[in-house]
Every structure is written in C-alpha cells, then in structure tokens.
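Let me begin by presenting the structure, written as structure tokens, before commenting on it.
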Amino acid sequence: MSKRILIIEDEERILDFLRRGLTYEGYQVETAVDGSQGLILAYDTSPDMVILDWMLPEVEPGLDGLEVCRRLRDVGDVPILMLTAKESVEDRVRGLDAGADDYLVKPFALNELLARVRALLRRSGLESPAVLTFADLRLDTGTHQAFRGERPIELTAKEFELLELFLHHPRQVLTRDVIFDRVWGYDFGGESNIIEVYIRYLRQKLEEAGEPRLLHTVRGVGYVLRETV
Ligand code: CA
C-alpha cells in the first residue's frame, strides 16, 4: 500500500515540484498551504509522514511551521521533515527541539528529499532498504554499492542518484526534464550538458568489462534503462 505524505508549504512552485515528484514515486500526496489547514488535514487523515515548511503565512498569530511542528508532536509521533531557507546551527537546533525528525535546507534536489523521505519512513518501520536489480545490474541502496554480475562498481554520489532513478523506472523513457528535476533540483543553474556528461560516466563504469549497454539514448527525448537487443 502506498504511503501517505502530507505537504504543508505555501510556495506554489515548491509545492508543485514536491507533489509531482512524490506522486511519480508512488506516494499518496495531500497538500496544505498554511499551518491551520495543515493541522486539520493531519488530524483528519493521519498521514505516514509530514513535510513541513518553516516559513508559513501566519493565518493564526504565531502559527508558523515551528509551531505546527510542536502541535503535531503533542498528539503523535508522525515523522516530520522540515524545509527551510534557514541554515544556521541555532535554527537547526530550534527545528529539532520543536520535534522535527530531519531538516532540509532550500534549495534542494528532489532525490535529496526522496532519500530523506525513505530514510524517515524506514526509521519509523514503514520502508526497508532495497536492493534494486535489472538484468545483471544490482544496486544496494543501503550501502550505495553497485555490481554488474560479481564485478563491484564504485559510484560517486551523483552517479548513484542517477542510476537509482533509472532502476526505479526500468524500461521507462526518462526525459531530460524529469532527470534534471530528480537529480539536480529546481534551482540548479548549471551547464545544460550535465546529464550527457553523467550518463557518459555511468556508461563507462557499467561497461568497463565489456558488458552490454543498459543505459540507452532515446534521441530527442531522453534515456532509458533496458537490455540491449
Ligand atoms: Ca514558505
């Protein structure tokens, strides 16, 4: 059964980004744009997890994300991931003191958020670490180790994220936009050929011992993980 995640965030661009990304990963998503609406939904629907923005419009005096976090904590132990633009140590401590389980500083890439979501659900016993496989390729998402057959493959953090994304969506063509959202995030202002560069790195590593290609280019669209036919 899919996990239910409540997002409380007033910034529409980020809310859309999260809703799209989490829905795509198979989570059931509810959203609220202020603390009061968020608390009502949380009490009504008992989500498996809450993603909570710190800076919310105070429709009720003092009801910012921190206060919502305290009130959620008063009534239960739902995992809470706080989003914030604040990155000082004191702020982090205040967030955790209010009962947040984890803390993500904006801007962030979707994969970074998905990794935190999985870790929090795992900690609360709702999800177990997975070994993802396709053909002779194996990726252990707990240890971040990859193998082709018995051959171990060393991956950098970004290569791991990229490969994990493909393994979650085998034989499905992933567009450049989807890959970009997932691995680099909504605020990434980097070079436009970054995806090509990383696909090339990954192919080199995956085919180093002459193995058949698994990551294929779909011209003009994107990339797909599939067997070579
Ligand atoms: Ca906000």
Side-chain angles (χ1 to χ4, degrees), residues 2-124 126 161 165 177-190:
S2 64
K3 305 294 176 299
R4 290 169 305 115
I5 299 180
L6 170 63
I7 310 169
I8 310 174
E9 163 69 87
D10 60 305
E11 216 173 314
E12 215 165 294
R13 184 174 66 123
I14 298 180
L15 191 58
D16 277 351
F17 174 76
L18 293 176
R19 187 195 289 114
R20 264 204 321 273
L22 289 164
T23 306
Y24 195 83
E25 288 303 312
Y27 295 104
Q28 243 174 285
V29 177
E30 299 267 14
T31 60
V33 294
D34 63 56
S36 149
Q37 199 187 0
L39 283 170
I40 291 169
L41 266 176
Y43 299 148
D44 279 359
T45 64
S46 312
D48 294 311
M49 178 175 175
V50 177
I51 296 175
L52 174 64
D53 184 33
W54 182 316
M55 301 294 283
L56 291 169
E58 297 183 16
V59 287
E60 192 183 297
L63 189 61
D64 61 357
L66 214 53
E67 180 57 23
V68 171
C69 186
R70 286 193 199 97
R71 294 196 196 173
L72 286 172
R73 211 24 100 231
D74 280 346
V75 296
D77 56 3
V78 63
I80 301 171
L81 173 62
M82 285 214 85
L83 304 180
T84 178
K86 300 167 186 269
E87 46 185 331
S88 77
V89 174
E90 298 96 274
D91 285 329
R92 189 178 290 259
V93 169
R94 284 175 66 208
L96 297 174
D97 275 352
D101 296 281
D102 202 356
Y103 193 97
L104 193 56
V105 177
K106 296 176 179 177
F108 51 83
L110 199 51
N111 268 4
E112 205 179 340
L113 176 110
L114 292 172
R116 308 285 184 106
V117 166
R118 284 193 289 266
L120 283 182
L121 290 174
R122 200 149 58 222
R123 234 191 280 166
S124 64
L126 290 165
E161 288 183 33
L165 175 62
D177 283 350
V178 163
I179 297 173
F180 211 77
D181 263 14
R182 284 332 161 80
V183 182
W184 282 276
Y186 57 94
D187 261 353
F188 185 81

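Just so you know, ligand 1 is whichever comes first in the structure, and atom 1 is the first atom listed for that ligand. Computed from a predicted model, the values in this text were never measured in an experiment.
- In this structure, Asp101 pairs ionically with Arg73, as a charged nitrogen and a carboxylate oxygen lie closer than 4.0 Å.
- In plain terms, the two heavy atoms of Pro47 and Val50 that are nearest each other are CG-CG2, 4.0 Å.
- In this structure, Asp181 and Arg20 have side chains that are in contact, with non-hydrogen atoms separated by less than 4.5 Å.
- Listed by chain and number, the protein atoms of type N/O/S under 3.0 Å from the Ca ion (ligand 1) are Asp10 OD1, Asp53 OD2, Met55 O; waters are omitted.
- Using a cut-off of 4.0 Å between Lys/Arg side-chain N and Asp/Glu carboxylate O, Glu9 and Arg19 are scored as not salt-bridged.
- Residues Leu63 and Leu56 fail the side-chain proximity criterion, which asks for heavy atoms closer than 4.5 Å.
- Salt bridge annotation for Arg71-Asp74: absent, with no cationic side-chain nitrogen under 4.0 angstrom from a carboxylate oxygen.
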